[in-house]
There are 4 protein chains.
Amino acid sequence: MTTETPVSRAARKKQELRREIVETAFDCFAERGYHATGIADIAARLGIGHGTFYRYFQNKRDIVDHVITDLVEKVVAALAADNAPDAVNSLAEYRRQSARIGDALARIFGGDPRMARFLLLEAAGIDAEMRERVLDFYETAAELTAGYLHHGVRLGYLHEDLDVDSTARAINGMILASILSELRDPSPERQAAMSRAVRRVMYDGIAAPS
Amino acid sequence: MTTETPVSRAARKKQELRREIVETAFDCFAERGYHATGIADIAARLGIGHGTFYRYFQNKRDIVDHVITDLVEKVVAALAADNAPDAVNSLAEYRRQSARIGDALARIFGGDPRMARFLLLEAAGIDAEMRERVLDFYETAAELTAGYLHHGVRLGYLHEDLDVDSTARAINGMILASILSELRDPSPERQAAMSRAVRRVMYDGIAAPS
Amino acid sequence: MTTETPVSRAARKKQELRREIVETAFDCFAERGYHATGIADIAARLGIGHGTFYRYFQNKRDIVDHVITDLVEKVVAALAADNAPDAVNSLAEYRRQSARIGDALARIFGGDPRMARFLLLEAAGIDAEMRERVLDFYETAAELTAGYLHHGVRLGYLHEDLDVDSTARAINGMILASILSELRDPSPERQAAMSRAVRRVMYDGIAAPS
Amino acid sequence: MTTETPVSRAARKKQELRREIVETAFDCFAERGYHATGIADIAARLGIGHGTFYRYFQNKRDIVDHVITDLVEKVVAALAADNAPDAVNSLAEYRRQSARIGDALARIFGGDPRMARFLLLEAAGIDAEMRERVLDFYETAAELTAGYLHHGVRLGYLHEDLDVDSTARAINGMILASILSELRDPSPERQAAMSRAVRRVMYDGIAAPS
DNA sequence: GATGAATGAGGGTTCATTCAT
DNA sequence: TATGAATGAACCCTCATTCAT
């Protein structure tokens, strides 16, 4: 028997449209690029007047900020789910966890190549501020990864003298390379191969056993 | 006593201006971004009429292609110099070679952060075609790196069952991360730390010795 | 024990809001100008929905007409009060009366410089129709002044061959100049000086006694 | 045998178009008002592309500033011509001079009623800055008139205790009234009557000889 | 009656490109 | 060959007005 006041219903509808605009804007930006997309394109695809757009977002620059926020949140949420750094007690468990994380990333970025294209390739070219946001994102990701490494060092299953911060960046670089490679060859085989290679390098390096 | 016909002198001058335009275009693109840069800006900075620009390049899109070509060539040239894959015969030599390559990259990208900013962050956002060119560049770089790995596998100082292609991408990802991290913190210390971390992961991985 | 039907009470409230809208519209127009003021600004300042505005006035153009009507009425009312043209019987009395009228004008326009700004400077620029209304206002004022002059001529304390109509306009021009000068320098001293100068020119002219 | 370099010819043509744009802008503003006039209207009437407009003026606000400057200059030039304040030595000469000035004003404003309409009625409503410019113009005019009065006081043909500054404003107010009255009734008779009335008030006042 | 969400006409402005000189 | 004046497509954004709730 959940009743709803007319006011809250209207508010909900407003939120819904807001979300739809963000999603449609992402669609447009991903398809034709930020600069080639007009506000009118977004509005037309949604079937709303383009003046309506401006009731929900300040201007074109505003919407792309929200699109990016959305994407970053999705990525971070997917990574954080069931993957607490301190839920791991051994190298074997860490291997399993990193495989899970790799799967999650594959699911997110593999499921919609437009995400990687826009977040990792397009966005930084929008303007200087957005470039910094993208670099911020990399920074955040590095801190996340560093958390895992730190835990491993403390528990002794990772090199005790690991430069946690720099190594985290290096590992994230490999993950980035995976995602980028997927843009060219989205086949599951290639993805599996990349994933294996990354983990192999990550844990054991490339040097042959002496 | 090398003389030059007036014709060839004029041709040389034309080539010179062409090059100057490419360089100045890069300056502008790197400073304000591709979309925020007008043809008039480039021409004004060069002190030429902006109509003249169109005598050297088809259109705005044309010039950025040449700028990218220029940058890619510079990077590839710097990497190839004195670093033939088959000049190495042992892991120790490879370590030294990869250190040299790292230094070369640091010199190129560290010397002018605009290069990394434009080639790695801005360019892919220009349009779909340019995005593919950037991905091509990554691909070429992967092939380059794969050459080194292949040689190492053949000579036995790298894991014999290495997935050369995927591993090359992974390693390049770490290099990419190095360069990106430099954009945020260009201090030599951070760069040295990143370089060390990359090579450590690359050769030995992060796992503690069992 | 005056009772009021609900109907008339509602009607009275409507009239009250109507008046408030006109006043608030004047506030906005005077502060930011007609063109820079949006209906939403007026409504927001009143704390009503901007749709409500259209239940009281046809459109934006409609409200400014009412604002002007309001202002003109205020000015005319202030001038007419206790200043009947035929209440005067001599030059001395006319001098006193014109001083009183000057004071009344000073009170109205000096009390709120926005009135002069809007009615005398802004309004005529709104559109052709409003320009004519402003000129109508000047015309009405000229007729008013002419009434006083006519009376003076008839009673003999003003030049018998006075071109009443044209002279009325000329005098009103001096008054207009007074009000405009107040916009730049609202000090009482300047106003008093202007008032004295106007009356001196008006009665005696500037020529030195021969 | 005046030859002209191609450069200077082009420069002259540019100046010419610049002037034409100012004139056409004035035409449009005077006919339909500043706010109702679009840049496209001005360009279309001139038969040029509307982008061309922006090669000559920064923006819409810029052009109206030039239009006003133009008008003010025309008025000031017409007033200053052959009417130096110190060229007068007696009241009779001053009367003749002020008649000449009146004629000059009549020629300027009477010749093109749009000038008065735009400068005196429209302009001040454009925005706060323009309003101040119009008030500046009145101020300048007051100083001009004050110069004449000052001279008359010094030579003794005007009241020795004249408040020169305030009186100048008052007189200018009468002139303003003349010009405004012309907008409603442009007949030469009315203008002549106004002119006579102004001068009569100015020199002798309205009071009957005691 | 009151509201404010939706609308789209309209206008200012930019800038890549052309072409006559 | 170099130039820069001219052009107009394109686009962002505002805001008066309507109308369903």
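Below, chain A is the first sequence line, B the second, and so on; all start at residue 1.
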Show your working on side chain to side chain contact (heavy atoms under 4.5 Å, CB included) between A:Leu135 and B:Leu121 and close with a plain yes or no.
-> CA-CA 9 Å; A:Leu135 291 177; B:Leu121 291 177; 4.1 Å; yes
What is the distance, rounded to the nearest whole Å, between atom [atom1] of [X] and atom [atom2] of [N]?
X: B:His35; N: E:dT14; atom1: NE2; atom2: P; result: 18 Å
X: C:Phe29; N: F:dA16; atom1: CZ; atom2: C1'; result: 12 Å
X: D:Asp127; N: E:dG12; atom1: CG; atom2: P; result: 14 Å
X: A:Arg61; N: F:dC11; atom1: CZ; atom2: C1'; result: 17 Å
X: C:Phe57; N: F:dT17; atom1: CZ; atom2: P; result: 14 Å
X: D:Ile42; N: F:dG8; atom1: CD1; atom2: P; result: 17 Å
X: C:Asp62; N: F:dT17; atom1: CG; atom2: C1'; result: 13 Å
X: C:Gln58; N: F:dT18; atom1: CD; atom2: C1'; result: 13 Å

Hey, are C:Arg45 and C:Asp41 close enough for a salt bridge, meaning a charged N less than 4.0 Å from a carboxylate O?
->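 Here C:Arg45 does not pair with C:Asp41 in a salt bridge, since their nearest N and O are not under 4.0 Å apart.
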Any chance you could encode DNA chain E as dot-bracket? Rule is Watson-Crick or G-U wobble with both distances under 3.5 Å; [ ] for pairs crossing earlier ones, | for another strand.
-> .||||||||||||||||||||
Can you tell if the side chain of B:Asp127 reaches within under 4.5 Å of the side chain of A:His35, non-hydrogen atoms only?
->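 No, too far: nothing below the 4.5 Å cut-off.
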Footprint string (nucleotides 4-11 of chain E, 5' to 3'): B base within contact, S backbone only, - free, heavy atoms under 4.0 Å | BBBBBBB-
Partners meeting salt bridge (charged side-chain N to carboxylate O under 4.0 Å, His left out) with D:Arg131 (sequence neighbours left out) |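 Partners of D:Arg131 under the salt bridge (charged side-chain N to carboxylate O under 4.0 Å, His left out) test: none.
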Assign the ring pair C:His66 / C:Phe57 to parallel, tilted or perpendicular, where the plane angle (0 to 90°) is split at 30° and 60°.
->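 Ring orientation, 0 to 90° scale: perpendicular.
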Are D:Asp70 and D:Arg19 close enough, and set up right, to give a salt bridge (charged side-chain N to carboxylate O under 4.0 Å, His left out), and what steps lead you there?
-> CA-CA 10 Å; D:Asp70 223 46; D:Arg19 202 177 38 73; over 6 Å; no
